[in-house]
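Take a look at the structure below.
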Amino acid sequence: MAAKAAGDSELTELLKKELNTSKLEFMGRSGGGWISEAKTCDTDAGKVFIKINTKKGVVSIPSGGAAFVMENLDIMGSVRSKAATLGDQLARLHRHNAELAAKNTAGAQSVHKGSGARAVKEFGFPVTTCCGYIPQNNEWTSTWEEFYARKLDQQVTLIQKEYNDREAGQEWAVLQRNIPKFFTGLTIVPALLHGDLWSGNAGETADEPVIFDPASFYGHSEYEMAIATMFGVGFPQSFFDSYFKLLPKEKGFDSRLQLYQLFHYLNSWNHYGEDYKHSTMSMIRTLNKMQM
């Protein structure tokens with residue numbers, strides 16, 4: 001207990017310095033994900049939201065770990081009354097880059113060429129982002145199949161390194177060769193994704209829905225639905241109805257959804273251990289049987 005108190009004192013003084021505030025009062029634990037501890041603090045400039053983790057990160061804590069400070073929002077709770085609004089807004093976010101690409105094309109064909117925003121043509125992101133505490137390789141690729149295969153390969157490589165699991169590697173080698181088959185006849189335009197959108201990373205204020213803790217990159221819009229439908233931590237049906245009204249499902253959606261869920265099973269295995277091995281291996285075998 002004394003060690004914990006000393007650690008809290010160090011964190012308080014460090015945050016005061018970083019935030020340039022003389023007042024920093026912890027107001028108790030706030031809602032958050034499964035990986036980091038979340039707290040709300042009152043400062044000279046108002047409330048801030050702080051996430052604390054034992055992994056290396058943004059503001060290093062002398063006693064170990066890191067803290068990340070951001071704007072505090074008065075979240076009323078999980079997404080319920082604003083679920084349809086969230087679905088609509090998410091679909092519009094996912095369509096935005098494709099609409100921008102269409103405008104760019106129209107502008108290029110016009111004598112009045114504009115100088116507005118340009119659409120993103122590749123898959124990736126300008127900076128590294130994290131899903132949980134694992135950094136994601138967001139280097140740009142020209143095809144979605146290549147980008148997504150690399151995301152899965154990174155996870156499998158981490159599992160093999162930590163657990164020396166040959167079975168996972170063998171099944172993945174089969175699936176890796178078959179990934180292009182899941183996208184036959186499909187044209188995929190990069191969409192800006194949250195990247196880890198489950199109910200614990202969303203909420204609503206009195207006025208609007210909000211999403212947070214992104215693991216963003218430009219990818220296939222369908223990927224966003226994966227963890228949103230997993231682990232019993234999804235959203236109300238009105239969210240999905242509103243989303244698919246603007247972005248209808250394409251042929252093969254259900255099989256690709258399982259392919260995208262595989263990433264989150266692998267990521268959970270890497271974060272929480274071999275309790276997730278059985279469900280992960282079951283999913284990868286199911287995917288391999290689809291393409292036999």
Side-chain angles (χ1 to χ4, degrees), residues 32-36 49 51 53 55-59 66 68-71 86-87 89-105 116-159 176 179-180 182-183 186-198 200-202 209-230 243 247 256-257 259-268 270-271:
W34 295 344
I35 294 171
S36 299
F49 178 77
K51 295 191 73 173
N53 197 284
K55 299 292 179 180
K56 185 178 180 181
V58 180
V59 176
F68 179 60
V69 184
M70 66 193 85
E71 174 190 6
L86 177 60
Q89 291 177 345
L90 186 67
R92 293 180 189 279
L93 172 67
H94 288 173
R95 293 197 319 186
H96 176 71
N97 192 55
E99 292 169 348
L100 195 58
K103 289 180 181 179
N104 292 164
T105 300
R118 309 300 298 175
V120 172
K121 298 181 179 180
E122 294 186 304
F123 301 89
F125 209 58
V127 298
T128 299
T129 55
C130 293
C131 192
Y133 56 73
I134 298 176
Q136 303 297 294
N137 182 347
N138 287 332
E139 292 181 18
W140 298 99
T141 66
S142 60
T143 69
W144 169 244
E145 293 92 329
E146 179 185 355
F147 183 86
Y148 188 59
R150 189 178 67 198
K151 280 182 72 68
L152 294 178
D153 188 64
Q154 179 187 11
Q155 293 288 331
V156 174
T157 299
L158 289 172
I159 286 170
Q176 190 172 20
I179 281 181
F182 288 87
F183 303 98
L186 201 64
T187 300
I188 302 174
V189 178
L192 179 59
L193 306 180
H194 175 283
D196 191 22
L197 190 59
W198 62 290
N201 285 343
V210 292
I211 57 178
F212 35 84
D213 285 0
S216 293
F217 58 91
Y218 281 87
H220 189 195
S221 57
E222 291 179 358
Y223 176 89
E224 201 85 283
M225 294 295 107
I227 199 169
T229 55
M230 293 172 65
Y243 179 89
L247 275 178
R256 288 190 299 274
L257 184 65
L259 180 65
Y260 294 149
Q261 288 175 341
L262 176 61
F263 170 84
H264 295 286
Y265 279 114
L266 290 165
N267 194 47
S268 295
N270 275 313
H271 278 86

Return yes if some donor-acceptor pair links the side-chain N/O of [X] with the main-chain N/O of [Y] below 3.5 Å, else return no.
X	Y	result
N201	I211	no
H271	Y133	yes
Q154	P135	yes
R150	N137	yes
N97	P190	yes
N138	V127	yes
Q89	G87	no

- Might you point out which heavy atoms bring F212 and G200 nearest each other, and give the distance in Å? CE1-O, 3.4 Å
- Query: Roughly how far, to the nearest 0.5 Å, is the OH atom of Y265 from the CE atom of M230?
  - Reply: 4.5 Å
- Can the ring centres of Y218 and F123 be said to be less than 6.0 Å apart?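 No.
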State whether a side-chain donor-acceptor pair under 3.5 Å links [X] with [Y].
X	Y	result
Q155	N267	yes
T229	Q261	yes
E224	H94	yes

- Are V156 and Q176 close enough that some pair of their side-chain heavy atoms sits under 4.5 Å apart? no
- Query: Are H220 and F147 close enough, and set up right, to give a ring-ring contact (aromatic ring centres under 6.0 Å, His included), and what steps lead you there?
  - Reply: CA-CA 10 Å; H220 189 195; F147 183 86; over 10 Å; no
- Sole candidate of I188, I179, V189 that passes side-chain contact (heavy atoms from CB on, under 4.5 Å) when paired with W144: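 Checked I188, I179, V189 against W144; only one passes side-chain contact (heavy atoms from CB on, under 4.5 Å): I188.
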- Task: Report the relative orientation of the aromatic rings in Y148 and Y223; use parallel for angles under 30°, tilted for 30 to 60°, perpendicular for over 60°.
- Result: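 The rings of Y148 and Y223 stand perpendicular, inter-plane angle above 60°.
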